[in-house]
Each structure stands twice: as structure tokens, then as C-alpha cells.
Amino acid sequence: MAKVRVRFAPSPTGFFHIGSARTALFNWLYARHTGGVFVLRIEDTDKERNSEQFLNVIYDSLTWLGLNWDEGPGVGGDFGPYRQSERGLVYREYLEKLKAAGRTYEKDGAIFFRLLGERHEVYDEHRKKTVTKVGNTPAVIDDRIRGRVERTEDEDFVIVRSDGNPVFHFVNVVDDITMRITHVIRGEDHLSNTSKHVELFKALGAPVPEYAHIPLILKQNGPGKMSKRDQGALIEEYQRRGFLPEALVNFLCLLGWNPGDDREKMPIAEIIRLFDLPGVNQSNARFDEKKLAHMNLAYLLELPPDRFVEQARAFFARLPAGATAAAAAKADESYFREVMLLSQPKVKGIEELPAYTAYFFCEDFPIDPKVREKVMAKDDPKARLAELIELAKSADFSTDAAIEAAIKDLAARNGAGFGDYQAVARLAVSGTNVGPSITGLFRVLGRERVLRRLVRFAA
RNA sequence: GUCCCCAUCGUCUAGCCCGGUCAGGACGCCUCCCUUUCACGGAGAGAACCGGGGUUCGAAUCCCCGUGGGGACGCCA
């Protein structure tokens with residue numbers, strides 16, 4: 001059997017959004033599952049809307065997601081060039097084939113593709129004008145996801161604009177032929193276009209590829225499919241917010257596909273092993289950022305320490321200039337690491353880290369007045385504070401266990417509970433009532449900082 | 001308006017192809033437990049087969065019709 005060749009063919013006319021990412025992902029998965037080839041092709045025939053900047057968004061997003069391409073810009077391949085703007089000669093050659101077959105005609109300066117069949121005029125309600133319909137035979141699409149779909153293409157359509165540039169339907173088909181694409185996996189929004197493509201394949205005497213139209217991703221609130229302007233639509237936003245690409249990829253896999261059992265969080269290698277076209281759903285899926293956040297957290301919690309710190313470091317580095325960013329940047333590398341690892345099991349995302357850890361890096365952190373009121377209303381916090389200051393002067397700060405033992409001992413001697421010390425100590429050293437365990441807090445902050453903050457707070 | 005696709009908890013979904021288990025899991029929500037704050041974690045509750053016909057002893061599952069949702073109808077891709 002011929003080797004599977006799939007392609008992802010984005011147009012650099014907008015941002016790279018979640019729907020495009022999933023289309024790319026499903027193509028990539030299918031290529032990896034079958035041992036086939038994943039081609040990246042840039043559909044930049046619309047000169048009005050293209051820009052180099054958008055091209056980089058595509059490359060960056062795919063790379064970040066780990067969707068490496070086997071052929072395409074940057075890596076080459078035997079069927080290039082891989083940007084449509086550089087394939088004019090190929091299109092001309094195939095246009096000649098259509099012309100020679102008598103399947104084209106010129107009108108209003110543009111070149112139309114001629115369908116086979118009887119012609120008659122009819123008034124089109126939607127476009128409010130009379131159009132020429134063709135009594136064509138239906139195109140049969142054997143869709144790997146949807147089954148047999150019939151659709152009749154009944155109007156000639158433009159394949160070359162009056163400015164001489166070929167349009168999407170034509171170049172898409174020509175490229176799929178010349179790049180030997182065996183499976184076209186794309187969004188369901190293209191299903192209606194497929195009859196045009198089938199007509200072109202036939203007219204060019206080329207075999208029609210296998211089709212697989214995947215369901216669309218609907219916006220989480222309101223009607224319609226997700227578009228680049230919707231909340232949470234852009235891949236670069238997840239990247240910027242410190243989401244883990246493996247979590248996003250895992251989440252995206254589950255939008256329209258499942259392994260056939262209850263498993264959700266699974267390594268990409270396992271997904272590759274199990275992924276197949278018949279397993280893809282037929283119905284559209286609504287995007288749910290809460291579930292994505294949950295998936296991200298699950299990955300975050302088990303991220304190896306080195307990678308977690310690396311992610312945190314990168315996130316801090318991109319932070320807009322400010323007190324926390326500056327202080328963290330100046331912080332000792334091992335201290336930064338300890339602070340981040342202490343916070344890893346506590347935060348729900350990398351993006352929470354700066355706010356969550358701010359007091360580790362500066363001395364002028366705010367004291368939450370509401371928390372202060374609550375804590376100071378408890379049983380003799382001033383005495384507890386004084387006792388803690390004494391403890392901080394002499395206790396062993398080297399391990400959590402040592403700190404815990406010291407505080408417990410203190411509590412026992414003064415007829416108080418661990419909690420009586422915990423709350424006031426936390427308030428004094430961090431200004432809040434949330435954070436890592438008090439023992440971890442003491443250990444990482446270190447004796448000097450803890451003592452200084454306790455004394456200052458007591459004053 | 002025409003054409004195409006789809007239809008199980010609020011959401012993602014299993015089950016459907018090859019009719020017969022209290023329709024299963026996950027997210028979210030709520031309750032409880034754990035606890036040194038906050039999270040994490042654990043336990044539990046609540047929550048669905050769009051409607052109507054048919055076929056059948058029996059339909060979430062097969063067929064038809066509605067309805068609903070989505071998409072396409074550009075010299076955009």
C-alpha cells in the first residue's frame with residue numbers, strides 16, 4: 001500500500017487558532033500512526049492578506065505544540081516548493097491541461113472551470129441575481145469519518161482571478177496532486193467545497209484522495225464555530241500564559257476523538273498508537289477552557305522539577321517590567337528554584353506564579369488588612385509572635401521536619417496549637433493567609449528573612 | 001433561500017456499526033473527608049438518550065419525518 005501522505009495547509013492570513021491547531025494535530029497523528037509523511041504547505045495565494053509575520057506565528061505554534069513536519073518550509077522535500085506563492089509554474093502547467101481538455105473559459109477577465117452538463121438560468125434567492133446552473137451528476141465523497149456523502153456541484157467556478165492569480169480550490173487540488181497527498185484531513189467547513197475539488201481531480205485525470213472531514217470546534221459561549229476573535233482561541237495566548245504544550249495537545253486530541261475507553265490523560269506516544277480516522281467523532285465539540293485548565297494542572301503537577309523551574313524561569317523572563325519581575329530576575333538561581341518547587345504543588349498554572357511568589361523576592365510586600373484583622377483577633381497573637389522570634393533566632397532551619405518539630409515543641413511548652421503559630425507566622429512573613437506550608441516557607445525564606453520579617457511585623 | 005453535516009448529563013464523551021446490563025467515565029457545580037493556611041487528593045450527590053412515527057417480543061442503538069445545532073453557497077482560504 002502506498003505510503004500515507006497528509007498535509008496541513010494553513011493560510012497566513014490570520015492568527016493560528018485552536019481549530020487550525022487541531023486540524024494540524026489530527027493530520028500529524030495520522031501520519032505518525034501510519035508511519036506516513038506530514039507535509040506543511042503554506043496557502044498564500046491571496047496576496048492582499050498575507051504577511052511574513054503570520055507565517056512565523058504558524059511555524060512557532062506548530063513547533064511549540066511539537067507538531068514537526070517532514071516536508072515543507074525549512075525542511076525541504078521532494079515535492080516543493082511548499083509555499084503556493086512560489087508555485088506559479090506548476091499552476092500554469094495544470095491550467096494548460098484543463099484548457100487542453102476544454103474545461104475552461106474566460107469571463108470578465110477571470111478563468112472559469114467548466115462543469116459537464118446542461119445549462120439553465122435560475123434566480124438565486126441568496127445572492128439576489130440570476131445564475132447559470134449546470135445539470136451535473138453528483139460527486140460522491142467517500143469520507144472516512146462521515147461515510148458516503150453526495151453533493152452536486154452545479155455552477156462553474158473561478159479558478160484564476162482576473163489579476164492572474166489562481167484561487168484556493170484550484171491550487172489546493174493541484175498541490176494535492178503534485179505533492180502526492182493520499183489523505184485530506186480537514187475541517188467540516190470544507191465538506192461543501194469537496195465537490196468542487198472532486199470535479200477538478202477528475203478533470204485533471206488524477207485519483208481523488210481519501211477524505212476525512214473532522215468536526216468543528218464551537219465557541220464556548222454563544223452560537224457558531226470558534227473564530228480567531230473568541231476568548232481562548234489563539235495558540236500563542238496559551239504559549240504566553242505558560243500552558244504546557246503537551247497538556248494542550250492532549251486536550252485537543254480529546255475534542256472529537258477518544259481512545260475508546262475512559263482514559264483521558266495519556267502520553268502522546270500512546271495517542272499516536274491508538275489514533276485512527278474511524279475513531280474521530282462526527283459531531284461538533286464545544287470548547288471548554290475549564291477542562292483544559294484541569295488537564296494543564298494534571299501535567300503541571302507531575303512535571304519534573306528541572307522542567308518546572310525552566311518553565312517558570314521562561315515565564316518570569318517574559319513578564320512585563322515591574323517590581324516582582326526585577327526582583328525575581330536578581331534572585332539567586334538556587335533560591336528561585338527552591339521557591340518555584342515549593343509552589344509547584346500549589347498553583348493551578350504557571351501564570352499564577354508571579355503573584356503567588358512575589359513576597360519571596362521583595363521585602364515590601366503588602367499585608368492583607370482583612371487577614372490581619374482575622375489573625376490578630378485570635379488568642380494572643382502578640383505572645384505567639386514573640387515566641388516565634390525567639391525560635392527563629394536559634395532553631396534548626398535546615399529541613400521542614402526540624403522546623404515542624406521546633407514549632408510543635410514551642411506549642412507544647414506554651415499550651416498552644418500549631419495553628420496558633422502558623423497563621424500569625426504566615427501573615428508576618430508573607431502578608432497573606434494562603435501559600436505553601438509554613439515549614440516550607442520558613443526553610444526556603446531562610447532564618448535571616450524570617451527573623452527580619454517577624455521582628456518588623458511585631459514592631 | 002438552496003445544498004451538506006450532525007444530535008447521549010451544563011460541557012467533553014463511552015455505549016450505536018453487530019438492538020436485550022440500574023445508560024459508564026471525565027470537567028464543572030454541590031456536600032463531606034483529609035489538613036498546618038490555600039491547593040492537591042479521597043468519597044458522595046445531582047445531572048442526559050431532542051420530538052413523533054415505524055420495524056421488533058424488546059430501540060439510546062435500525063428506518064422515516066419533524067425540530068434543533070453547525071457548515072457551505074466570494075475573482076477569501
Find which nucleotide of RNA chain B each of Q84(A) and K196(A) is nearest to by heavy atoms, and output the residue with the more 5' nucleotide.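 On the 5' side of the pair lies K196(A).
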P10(A) vs P436(A), nearer the 5' end of RNA chain B by closest nucleotide: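 On the 5' side of the pair lies P436(A).
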Just call it for [X]: base, sugar-phosphate, or nothing, with non-hydrogen atoms closer than 4.0 Å on any strand.
X: R426(A); result: base
X: S195(A); result: nothing
X: D261(A); result: nothing
X: I438(A); result: base
X: E150(A); result: sugar-phosphate
X: G435(A); result: base
X: G224(A); result: sugar-phosphate
X: A110(A); result: base
X: H213(A); result: nothing
X: N433(A); result: base
X: S283(A); result: sugar-phosphate
X: G256(A); result: sugar-phosphate
X: R127(A); result: sugar-phosphate
X: Q282(A); result: sugar-phosphate

Expressed in angstrom and rounded to an integer, what is the separation of [X] atom [atom1] from [N] atom [atom2]?
X: H294(A); N: U11(B); atom1: NE2; atom2: C1'; answer: 14 Å
X: F112(A); N: G74(B); atom1: CZ; atom2: P; answer: 11 Å
X: Q422(A); N: U36(B); atom1: CD; atom2: C1'; answer: 5 Å
X: R443(A); N: U36(B); atom1: CZ; atom2: P; answer: 18 Å
X: I145(A); N: C5(B); atom1: CD1; atom2: P; answer: 14 Å
X: L441(A); N: A39(B); atom1: CG; atom2: P; answer: 16 Å
X: N258(A); N: C27(B); atom1: CG; atom2: C1'; answer: 15 Å

Taking N and O atoms by type only, does the side chain of [X] place a donor or acceptor under 3.5 Å from a partner on the base of [N]?
X: N172(A); N: A77(B); value: no
X: S162(A); N: C75(B); value: yes
X: K290(A); N: C27(B); value: no
X: K291(A); N: A26(B); value: yes
X: K133(A); N: U2(B); value: no

Quick check on A7(B): is either OP1 or OP2 less than 4.0 Å from any side-chain nitrogen or oxygen of N284(A)?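 Result: no.
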Are [X] and [Y] close enough that their ring centers fall under 6.0 Å?
X: F168(A); Y: H197(A); value: yes
X: H190(A); Y: H213(A); value: no
X: F54(A); Y: F15(A); value: yes
X: F275(A); Y: W257(A); value: yes
X: F16(A); Y: Y59(A); value: no
X: F397(A); Y: F442(A); value: yes

With C1' as the reference atom in both, quote the distance from U37(B) to C30(B) in angstrom, rounded to an integer.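 Those two atoms are separated by 23 Å.
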Side chain of V158(A) only, heavy atoms from C-beta on: which candidate in A14(B), C75(B), C40(B) is closest?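 Ranking A14(B), C75(B), C40(B) by closest atom to the V158(A) side chain puts C75(B) first.
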Taking only the side-chain heavy atoms of T439(A) (C-beta and beyond), determine which of C40(B), U36(B), A77(B) contains the nearest atom.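 Nucleotide nearest to T439(A)'s side chain: U36(B).
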Do the side chains of D276(A) and H33(A) get nearer than 4.5 Å, heavy atoms only?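 Yes, close enough: below the 4.5 Å cut-off.
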pi-stack flag for H126(A) and C73(B), centroid dist under 5.5 Å, interplanar under 30°: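 So H126(A) counts as stacking on the base.
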